[in-house]
Amino acid sequence: MYIGEAAKRTGLSIKAIRFYEEIGLIRQLERVGRYRLYKEADIEVLLLIKEAKALGVGLSQLQGVIQYNEGQIDWSTIKVFLHGIRQQLTQQIEDVQQKIASLDICYEQIKPS
DNA sequence: ATTCTCACA
DNA sequence: TGTGAGGA
């Protein structure tokens, strides 16, 4: 399939998809003449990138996560990466809870009025 | 109508 | 982290 269909299937813009290839986030696609040719595996990777973005993961953090062994996607690397994101999110919860605690102390100090 | 590259913010 | 312009 060409990039237009890939964009429709993933909900990503055509520009974004080309950009991801340019920065090495996805493989260099083979061309039919001048046109990039996408296959199912590429759609899966693009959907992963979309998911990651929704989780607040920057593209730079995704660098190196998507590996192709023998032309297949290495999902085990991705699994490890996602677990790391999970831990990161857990840490964020703790950070926010600490901020709330600090805020509560501020309230205590204002209480006299 | 679709995709391409290049320039740019 | 992408978009707009302009051409094939």
Side-chain angles (χ1 to χ4, degrees):
Chain A
M1 79 191 79
Y2 293 129
I3 197 169
E5 190 180 345
K8 274 184 183 153
R9 296 263 311 267
T10 61
L12 293 165
S13 72
I14 289 174
K15 303 278 196 172
I17 292 172
R18 279 200 210 96
F19 180 64
Y20 298 155
E21 178 187 2
E22 189 177 332
I23 65 176
L25 217 49
I26 61 179
R27 69 192 179 87
Q28 294 284 332
L29 295 112
E30 66 272 24
R31 311 294 185 100
V32 169
R34 200 165 196 242
Y35 296 167
R36 294 165 177 84
L37 193 60
Y38 297 80
K39 30 189 191 190
E40 290 304 314
D42 300 313
I43 300 302
E44 294 184 30
V45 171
L46 289 169
L47 288 172
L48 171 72
I49 294 169
K50 191 186 178 188
E51 288 274 331
K53 281 200 321 177
L55 289 169
V57 177
L59 297 184
S60 58
Q61 291 181 68
L62 277 164
Q63 290 283 0
V65 172
I66 298 157
Q67 306 286 339
Y68 301 86
N69 296 344
E70 320 287 331
Q72 302 297 315
I73 303 162
D74 180 2
W75 289 103
S76 66
T77 302
I78 291 164
K79 217 168 167 182
V80 169
F81 170 75
L82 290 176
H83 186 257
I85 296 299
R86 202 206 115 90
Q87 289 186 319
Q88 199 174 303
L89 291 171
T90 302
Q91 181 62 49
Q92 281 175 30
I93 290 172
E94 290 177 22
D95 291 347
V96 170
Q97 283 174 337
Q98 179 55 54
K99 287 179 180 174
I100 291 172
S102 297
L103 181 60
D104 287 344
I105 291 172
C106 288
Y107 273 117
E108 297 294 334
Q109 292 172 333
I110 293 169
K111 189 171 53 180
S113 68

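Chain letters run A, B, ... following the sequence lines, proteins first, then strands; residues in each count from 1.
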Please write out the pairs of protein N or O atoms and N or O atoms of nucleotides 1-3 of chain C separated by less than 3.5 Å, giving the distance to one decimal.
| from | atom 1 | to | atom 2 | distance (Å) |
| --- | --- | --- | --- | --- |
| C:dG2 | OP2 | A:Tyr20 | OH | 3.2 |
| C:dT3 | OP2 | A:Ser13 | OG | 3.0 |

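- If you run side chain to side chain contact (heavy atoms under 4.5 Å, CB included) between A:Ile26 and each of A:Ile49, A:Leu62, A:Asp42, only A:Ile49 comes through.
- Among residues two or more places apart in sequence or in another chain, the salt bridge (charged side-chain N to carboxylate O under 4.0 Å, His left out) test is passed with A:Glu30 by A:Arg27.
- Listed here is the closest heavy atom pair of A:Ala7 and A:Ser13: CB-C, 4.4 Å.
- From A:Tyr38, atom OH reaches atom CD of A:Glu21 across 5.5 Å, with rounding to the nearest 0.5 Å.
- Taking side-chain N and O atoms only, A:Arg18 has no distance below 4.0 Å to OP1 or OP2 of C:dG4.
- Atom OH of A:Tyr35 is separated from atom P of C:dA8 by 12 Å (rounded to the nearest Å).
- Regarding contacts with the backbone of B:dC4, a side-chain N or O of A:Arg36 is found under 4.0 angstrom from either OP1 or OP2.
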Could you summarise the pairing of DNA chain C as dot-bracket text, marking Watson-Crick and G-U pairs under 3.5 Å with ( ) or [ ] inside the strand and | across strands?
||||||.|

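- Of all the residues in residues 40-48 of chain A, not one reaches under 4.0 Å from DNA chain C with any non-hydrogen atom.
- Using a 4.5 Å heavy-atom cutoff, the side chains of A:Ile85 and A:Gln61 are in contact.
- Taking atom CD on A:Glu30 and atom C1' on B:dT3, their separation rounds to 16 Å, with Å as the unit.
- Cluster partners of A:Tyr2, by chain and number: A:Val32, A:Tyr35, A:Leu37. The rule joins Ile, Leu, Val, Met, Phe, Trp and Tyr whenever side-chain heavy atoms lie under 4.5 Å apart.
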Going through the distances and angles, do A:Ile17 and A:Arg36 end up as a side-chain contact (heavy atoms from CB on, under 4.5 Å)?
CA-CA 11 Å; A:Ile17 292 172; A:Arg36 294 165 177 84; over 6 Å; no

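- Taking atom CZ of residue A:Arg34 and atom C1' of nucleotide B:dT5, one finds them 6 Å apart after rounding to whole Å.
- Counting only residues at least two apart or on different chains, the side-chain hydrogen bond (donor to acceptor under 3.5 Å, both in side chains) pairs with a member in residues 75-85 of chain A are A:Asp74-A:Ser76, A:Asp74-A:Thr77.
- One can place CG of A:Leu37 at 17 Å from P of B:dT2, the figure rounded to the nearest angstrom.
- With a 4.5 Å cut-off on side-chain heavy atoms, A:Tyr20 and A:Val45 do not count as touching.
- Within the 4.5 Å cutoff, the side chain of A:Met1 has no heavy atoms near those of the A:Lys8 side chain.
- Residues A:Gln97 and A:Ile93 are in side-chain contact: their nearest non-hydrogen atoms beyond the backbone lie under 4.5 Å apart.
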